[in-house]
Amino acid sequence: MSTTTEIIPFWQRLRAIAGYPFRGAAAYSVGVLTVFIFVGGMIPGGGRLLVLLGWVAAFKYAFEALRNTADGRLDPPEVVFGFDNSVVWRYLALQILAVVVPVVVGLMLGGWVGVLLYLLLALAQPAAIMTLAMTQSLRAALNPGYWLELVGRIGWPYLALIGLMIVMQLSAANADGLLTMVLPWLLAEPAALLFSLWALFATFHLMGYLLWQYHEVLGLEPKSISDAAAMPFNRDRELLDSAGEQIRQGEPQNAVALIRAELKSRAVSIEVHDLYRRLLRQAGDSAALAEHGPLFLHLLLIEKQERRALALARECLDDDAGFCALQPEDSAHLAQRATMAGQSKLAVDLLLAAIGRHPRHAQMPEWTLRAVDMLLRQPGTEARARQLLEQARERCDDEALASRLDAQLAALPA
């Protein structure tokens with residue numbers, strides 16, 4: 001077991017933890033599940049089954065996020081294959097028992113006893129959930145001995161965890177009430193669902209991070225550590241260790257210099273690029289970020305990390321509206337992927353940047369037609385669309401494309 005692993009305490013990563021549900025695959029899951037559960041709730045009869053399935057999927061992803069984080073992987077999991085549905089049913093059984101037992105005890109011994117027991121179980125609930133995630137055993141999750149051992153080994157941060165979970169749940173509940181007051185039901189209901197899923201994923205990620213932060217005292221062996229130990233030595237690991245040491249010594253600029261030197265001499269891993277970009281962002285080095293963006297984007301596309309490539313493209317375009325991939329065809333390909341993902345604004349921005357950077361490219365008229373098609377779905381864009389079409393028509397030598405451009409121009413209002 002590693003005894004030298006240094007992990008940033010969770011109280012120093014609260015912003016990242018709160019934003020976890022809106023990153024990568026977690027954001028996609030939040031959006032899809034919000035729509036699925038909302039639509040299911042509107043269907044009479046069988047719609048309740050859809051709602052149940054939606055929440056089962058949500059809890060399944062939440063558990064996968066917890067376990068993934070506990071293994072030291074801080075990006076949301078791409079797919080949910082690590083747990084079967086049985087662990088979700090165990091969690092629901094755990095929740096039901098946490099309500100039923102105090103009620104039964106209250107009826108037998110008095111209401112105040114039941115209330116006191118309910119509050120005690122609420123305080124122990126995170127420990128029970130983390131035990132269930134670690135062991136996948138309902139019996140272990142119901143054993144107070146396991147709770148006390150986990151809390152005793154973690155110490156006061158467990159109380160901080162409870163406080164943060166309460167804040168997240170109250171925030172979601174307050175958002176629900178506020179949205180109900182100011183928005184019509186058709187908008188308030190899905191928005192409230194979105195906040196509920198945010199609270200669910202953020203709290204489970206937080207519990208997973210606590211397991212990751214205290215894995216040594218809990219006797220856990222995160223996969224990110226055990227997998228790394230099993231790997232042969234490589235230069236990227238050495239580079240990350242050296243850069244991490246510079247960061248811990250308060251010299252992030254030295255870490256940037258180390259990585260920059262390696263980037264000039266060889267290809268490095270996505271993890272190294274991620275660290276480099278975070279350091280540049282912290283330093284506010286816009287020029288270096290602009291230089292690095294196309295290179296990192298090219299690597300992500302090679303590695304088939306298209307979802308991350310889209311996020312990076314959005315980030316780069318926000319910094320520089322003229323951002324373009326190393327190869328203009330990559331910008332066009334990403335624009336197509338963005339369209340399929342429902343990110344039409346990103347698709348248009350990618351195409352316009354490619355058109356501006358490569359106005360004489362053979363595919364420029366085709367890019368223009370695609371961009372104009374999406375632009376015209378927004379009011380007040382006819383003049384911009386006409387300008388783009390006329391520029392493309394002047395440079396178009398393909399008769400078929402020229403006919404399509406002429407047709408599109410003729411369809412615009414005079």
Side-chain angles (χ1 to χ4, degrees), residues 10 52-71 77 80-166 168-170 172 196-197 199-223:
F10 72 86
L52 175 61
L53 291 175
W55 280 111
V56 168
F59 285 121
K60 184 175 181 180
Y61 188 87
F63 267 102
E64 180 69 9
L66 192 163
R67 184 66 255 185
N68 195 64
T69 306
D71 280 331
V80 187
F81 292 141
F83 285 97
D84 58 24
N85 285 334
S86 61
V87 74
V88 179
W89 299 121
R90 291 173 195 142
Y91 167 77
L92 294 176
L94 188 67
Q95 296 294 90
I96 292 170
L97 289 171
V99 175
V100 171
V101 171
V103 171
V104 173
V105 171
L107 291 174
M108 295 175 61
L109 302 179
W112 67 272
V113 178
V115 171
L116 180 61
L117 179 59
Y118 178 81
L119 293 175
L120 289 174
L121 290 178
L123 292 175
Q125 185 185 52
I129 294 172
M130 288 188 284
T131 300
L132 178 61
M134 288 188 294
T135 65
Q136 299 190 44
S137 168
L138 181 60
R139 179 178 296 180
L142 292 172
N143 187 338
Y146 282 101
W147 310 343
L148 293 173
E149 182 179 3
L150 185 145
V151 173
R153 293 189 177 189
I154 292 176
W156 70 264
Y158 180 82
L159 298 178
L161 166 71
I162 292 175
L164 285 171
M165 292 179 67
I166 291 173
M168 290 178 181
Q169 295 295 335
L170 288 178
S196 296
L197 289 168
L200 175 66
F201 291 172
T203 53
F204 272 66
H205 172 60
L206 176 59
M207 287 187 283
Y209 195 91
L210 201 68
L211 293 177
W212 162 239
Q213 183 176 338
Y214 292 97
H215 68 269
E216 292 182 353
V217 298
L218 293 173
L220 298 176
E221 183 71 29
K223 289 183 179 179

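Along the sequence shown, residues carry numbers from 1. As the structure is a computational prediction, the values presented were derived from the model and not from experiment.
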Peer 1: Between L123 and I162, what is the shortest heavy-atom contact and its length?
Peer 2: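 For L123 versus I162, the nearest heavy atoms are O-CD1, 3.3 Å.
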
Peer 1: Hey, could you give me the CH2/CD1 distance between W147 and I129, rounded to the nearest 0.5 Å?
Peer 2: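 Separation between the atoms: 11.0 Å.
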
Peer 1: Got a sec, which residues hit side chain to side chain donor-acceptor pair (under 3.5 Å) with Q213, two or more places apart in sequence or on another chain?
Peer 2: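 By the side chain to side chain donor-acceptor pair (under 3.5 Å) rule, Q213 matches no residue at all.
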
Peer 1: Looking at every heavy atom in both P77 and Y61, which two are closest together, and how far apart are they?
Peer 2: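 For P77 versus Y61, the nearest heavy atoms are O-OH, 2.9 Å.
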
Peer 1: Please report the C-alpha distance between L210 and H205 in whole Å, then the side-chain angles of each, then the deciding distance to 0.1 Å, and finally whether the side chain to side chain contact (heavy atoms under 4.5 Å, CB included) criterion is met.
Peer 2: CA-CA 9 Å; L210 201 68; H205 172 60; over 6 Å; no

Peer 1: Is there side-chain contact between V151 and L159, with at least one heavy-atom pair below 4.5 Å?
Peer 2: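 With C-beta onward as the side chain, the pair stays apart.
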
Peer 1: Distance from Q125 atom CD to L132 atom CG, nearest 0.5 Å?
Peer 2: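 The CD atom of Q125 sits 11.0 Å away from the CG atom of L132.
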
Peer 1: Specify whether F63 and F204 have parallel, tilted or perpendicular ring planes, treating 30° as the upper limit for parallel and 60° as the lower limit for perpendicular.
Peer 2: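 Answer is perpendicular, since the angle exceeds 60°.
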
Peer 1: Please name the pair of heavy atoms, one in T69 and one in G208, separated by the smallest distance, quoted to 0.1 Å.
Peer 2: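 Between these two residues, the closest heavy atoms are CG2-C, 3.6 Å.
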
Peer 1: Provide the closest heavy-atom pair for A199 versus M168 in the form atom of the first, atom of the second, distance.
Peer 2: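 It is CB-O, 4.0 Å.
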
Peer 1: How many angstroms lie between atom CZ of R139 and atom OH of Y146, to the nearest 0.5 angstrom?
Peer 2: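 Rounded to the nearest 0.5 Å, the CZ-OH separation comes to 10.0 Å.
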
Peer 1: What distance do Y214 atom OH and I154 atom CD1 have between them, rounded to the nearest 0.5 Å?
Peer 2: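 If I round to the nearest 0.5 Å, the distance is 7.5 Å.
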
Peer 1: How close do F10 and A160 get, heavy atom to heavy atom, and via which atoms?
Peer 2: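 That would be CZ-CB, 3.9 Å.
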
Peer 1: Mind checking the CG-CG spacing from L206 to L161? Nearest 0.5 Å is all I need.
Peer 2: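 Answer rounded to 0.5 Å: 5.0 Å.
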
Peer 1: State whether E64 and K60 are salt-bridged, where the test is any N-O pair (Lys NZ or Arg NE/NH1/NH2 against Asp/Glu carboxylate O) under 4.0 Å.
Peer 2: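 Result for this pair is no, no salt bridge flagged.
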
Peer 1: Over all heavy atoms of both residues, which pair between F201 and A58 is shortest? Give the atoms and the distance, please.
Peer 2: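 For F201 versus A58, the nearest heavy atoms are CE2-O, 3.4 Å.
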
Peer 1: Applying ring-ring contact (aromatic ring centres under 6.0 Å, His included), can you list everything that pairs with Y158, at least two apart in sequence or on another chain?
Peer 2: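 In terms of ring-ring contact (aromatic ring centres under 6.0 Å, His included), with neighbours along the sequence ignored, Y158 is linked to no residue.
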
Peer 1: For T203, what residues pass the side chain to side chain donor-acceptor pair (under 3.5 Å) criterion, not counting sequence neighbours?
Peer 2: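 Testing T203 for side chain to side chain donor-acceptor pair (under 3.5 Å), a comparison that skips the adjacent residues, returns none.
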
